[in-house]
Student: 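One structure is given below, represented as structure tokens, and several questions about it will come after.
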Amino acid sequence: MAVPKKKTSKGKRNQRHAHWKAKAGVAAAKALSIGKSVLSGKAQGFVYPIAEDEEDGDS
């Protein structure tokens, strides 16, 4: 089993944690942007299903 050879410094640990947290913010901003473009009808390059065949689900 892999074992670290030396203790990781607090600075390195905090840097890694901050980067992990920052990725969540970027993903949330991207999701919000895609959602706004879908609602406005200006979505390009993003494929999403449109519920046109609602009558077919009555089987």
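As the structure is a prediction and not an experimental result, all values here were calculated from the model.
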Student: Suppose we screen for side-chain contact (heavy atoms from CB on, under 4.5 Å). Which residues come up paired with His19, at least two apart in sequence or across chains?
Tutor: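 Lys23.
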
Student: Donor-acceptor pairs under 3.5 angstrom involving side-chain atoms of residues 1-14: please list them, not counting sequence neighbours.
Tutor:
{"from": "Ser9", "atom 1": "OG", "to": "Lys12", "atom 2": "N", "distance (Å)": "3.2"}
{"from": "Asn14", "atom 1": "ND2", "to": "Lys10", "atom 2": "O", "distance (Å)": "3.2"}

Student: Quick check on side-chain contact (heavy atoms from CB on, under 4.5 Å): which of Ile34, Leu32, Val38 does Lys36 satisfy it with?
Tutor: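 Exactly one candidate clears the test, Leu32.
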
